[in-house]
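Contents: one structure, followed by commentary.
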Amino acid sequence: MLKNSKIYIAGHRGLVGRAIIKRLKDKGYRNFITRDKTELDLRESESVEKFFQKEKPEFVFLAAAKVGGIVANNKYRADFLYENLMIQTNVIHQSYLSGVKKLMFLGSTCIYPKNCPQPIKEEYMLTGSLEYTNEPYAIAKIAGMKMCEAYNLQYGTNFISAMPTNLYGPGDNFDLEKSHVLPALLRKMFIGKLIENKDWDGLRNHLAQKPLPNLQSSESEKAILEHLRKYGILVDEGRVKVEIWGSGKPLREFLWSEDMADACVFLMEKINFSDVVSSIKSKEIRNTHINIGSGLEVSIKELAWLIKEIVGFEGELFFNTDKKDGTMRKVTDTSKLEDLGWTYSVKLTEGIKRMVSEIEKKEFNTQGS
Ligand code: GFB
């Protein structure tokens with residue numbers, strides 16, 4: 001990639017897309033193409049075709065996707081499958097037709113079997129059945145990765161796939177139902193602390209900036225508290241309690257989104273599909289994707305306590321085992337990436353501290369991308 005290469009970042013307003021643009025700018029790249037959802041619906045083949053024919057990007061980061069946490073994945077199964085298949089199929093196919101020099105497709109470590117050996121190596125893909133809660137999303141992401149691989153093998157394109165672990169960072173989604181665990185727990189405990197401190201103005205401001213469905217920030221304290229119970233934030237015998245879904249036992253690995261973006265740009269600059277293939281001994285070329293992770297693995301219980309401490313929430317945490325745990329463990333083996341010379345830099349504690357500043361900001365995101 002040259003500093004003035006024409007680079008299209010699909011999904012530039014999302015957690016990863018915005019971090020990729022930031023990283024590219026920091027490295028001196030300056031020729032970007034972006035479109036928001038109102039300007040270009042990536043699910044519509046014709047519009048995507050016209051866009052690629054007009055703009056002819058040279059490089060593409062495919063970070064546009066329908067994403068969400070365990071509940072969103074499980075509840076909107078059809079949307080997660082349909083929207084992701086459409087978006088990625090349109091972008092990958094048009095990238096091929098319009099002669100894109102290199103594309104990076106972003107997946108997720110949920111593509112791996114539910115019970116595969118840990119840490120997870122790239123070659124474990126398609127060796128077992130998937131975790132039920134995110135099966136549709138995982139199937140879409142597997143299809144995207146396979147599409148890149150197949151186009152490379154049949155048409156000689158240069159499309160790379162990366163599989164990041166659980167991400168968090170600036171511009172994260174703080175929706176209390178649909179988001180991932182880290183921003184969700186952070187927001188719940190942030191609200192819990194405001195209640196603990198009887199900081200009603202602070203709470204009303206927070207809810208005015210980013211409302212919860214069917215709740216006016218001007219409602220009475222009693223009505224606000226009643227409403228917050230639905231999200232697992234409650235006051236019981238004068239003590240504020242925050243609900244943690246599931247048993248707290250699942251282990252998750254977390255990576256700061258800007259570290260992830262750094263890895264994406266690093267791979268885009270450094271790696272071609274031919275390099276990946278040359279390291280494969282077998283005649284059957286598969287598993288050509290690359291894991292991106294940190295190895296920073298904690299249990300949900302440990303994560304909750306860490307957030308509690310950093311936020312300064314002094315109330316109680318309780319585990320609701322009626323809610324799903326999902327995969328019990330998914331930690332990536334990042335040897336492939338490390339061998340190329342990349343490692344993460346932001347530790348979990350530091351990242352959570354930065355997220356507290358994020359939630360204190362006036363504007364933060366509660367929309368799924
Ligand atoms: O982050 P999360 O929603 O997604 O949940 P996954 C991780 C774990 O945290 C699960 C627990 O065991 C949840 O039950 N958890 C506890 C909570 N409290 C909460 C809470 O308040 N909110 C949320 N969201 N979780 C997703 C996949 O899996 O991760 C996607 O569904 C994708 O496909 C993504 O791969 C990275 O890690 O379980």
With a sphere of 6.0 Å drawn around [atom1] of [X], does it hold more than 12 non-hydrogen atoms of other residues, nucleotides or ligands?
{"X": "Gln53", "atom1": "CD", "value": "yes"}
{"X": "Lys3", "atom1": "NZ", "value": "yes"}
{"X": "Lys6", "atom1": "NZ", "value": "yes"}
{"X": "Phe318", "atom1": "CZ", "value": "yes"}
{"X": "Lys323", "atom1": "NZ", "value": "yes"}
{"X": "Lys241", "atom1": "NZ", "value": "yes"}
{"X": "Lys56", "atom1": "NZ", "value": "yes"}

Return yes if a side-chain donor-acceptor contact under 3.5 Å exists between [X] and [Y], otherwise no.
{"X": "Glu269", "Y": "Tyr29", "answer": "yes"}
{"X": "Thr133", "Y": "Asn73", "answer": "no"}
{"X": "Thr332", "Y": "Glu253", "answer": "yes"}
{"X": "Thr334", "Y": "Glu338", "answer": "yes"}
{"X": "Ser247", "Y": "Asp325", "answer": "yes"}

Which heavy atom of Trp342 sits nearest a heavy atom of Asp262, and at what distance?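 Closest approach of Trp342 to Asp262: NE1-OD2, 2.9 Å.
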Using ring-ring contact (aromatic ring centres under 6.0 Å, His included), reason through Tyr151 and Tyr155 one step at a time and then give a plain yes or no. CA-CA 5 Å; Tyr151 276 56; Tyr155 298 127; 5.3 Å; yes
Is the shortest heavy-atom distance from the side chain of [X] to the side chain of [Y] under 4.5 Å?
{"X": "Ile233", "Y": "Leu194", "answer": "no"}
{"X": "Leu182", "Y": "Leu348", "answer": "yes"}
{"X": "Glu358", "Y": "Asp172", "answer": "no"}

I'd like to check the ring pair (Phe, Tyr, Trp, His ring centres under 6.0 Å) partners of Phe313; sequence neighbours left out, ordered by chain and number.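 By the ring pair (Phe, Tyr, Trp, His ring centres under 6.0 Å) rule, Phe313 matches no residue at all.
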Using modelled atom types and a 3.5 Å cut-off, is there a donor and acceptor pairing between side-chain atoms of Lys102 and backbone atoms of Ile271?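 Looks like yes, one N/O pair under 3.5 Å.
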Counting N and O atoms only, with roles assigned by atom type, does the side chain of Glu243 sit under 3.5 Å from a partner on the main chain of Asn320, one being a donor and the other an acceptor?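 Checking the backbone N and O of Asn320 against the side chain of Glu243, no donor-acceptor pair under 3.5 Å is found.
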Can you check whether His12 and Phe32 have ring centres sitting under 6.0 Å from each other?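 Ring centres of Phe32 and His12 not closer than 6.0 Å.
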